[in-house]
Amino acid sequence: MIEGNTTQVTGVNPGDVVANSSFDKLQDNAKVSVSNKPIPAAATAGSSAP
């Protein structure tokens, strides 16, 4: 469900690792960076990540 800038998903549980940007670049065997640092809300709103 999408309402405004909020999207509701199912199947994601607390503690799961998820991608937060560049979804279009995700492919099998692609290299990813895993970070435990929270991303500031301003960085995720309207992200222009490559």
Side-chain angles (χ1 to χ4, degrees):
M1 177 176 88
I2 299 173
E3 184 175 318
N5 290 330
T6 302
T7 303
Q8 177 180 341
V9 297
T10 60
V12 179
N13 299 304
D16 285 351
V17 176
V18 297
N20 61 11
S21 65
S22 301
F23 303 105
D24 58 324
K25 293 183 174 48
L26 293 177
Q27 301 176 28
D28 288 345
N29 301 313
K31 289 185 178 183
V32 297
S33 280
V34 177
S35 174
N36 292 326
K37 296 180 184 178
I39 297 175
T44 59
S47 177
S48 60

Asp16, CG atom: more than 12 neighbouring heavy atoms under 6.0 Å: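 Atom CG in Asp16 is packed in, count exceeds 12.
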Co-membership, hydrophobic cluster, residues Val18 and Val9, 4.5 Å side-chain: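 They do share one cluster, since a chain of ILVMFWY contacts under 4.5 Å joins Val18 to Val9.
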Separation between CG of Leu26 and CG of Asn29, rounded to the nearest 0.5 Å: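 One gets 12.0 Å once the value is rounded to the nearest 0.5 Å.
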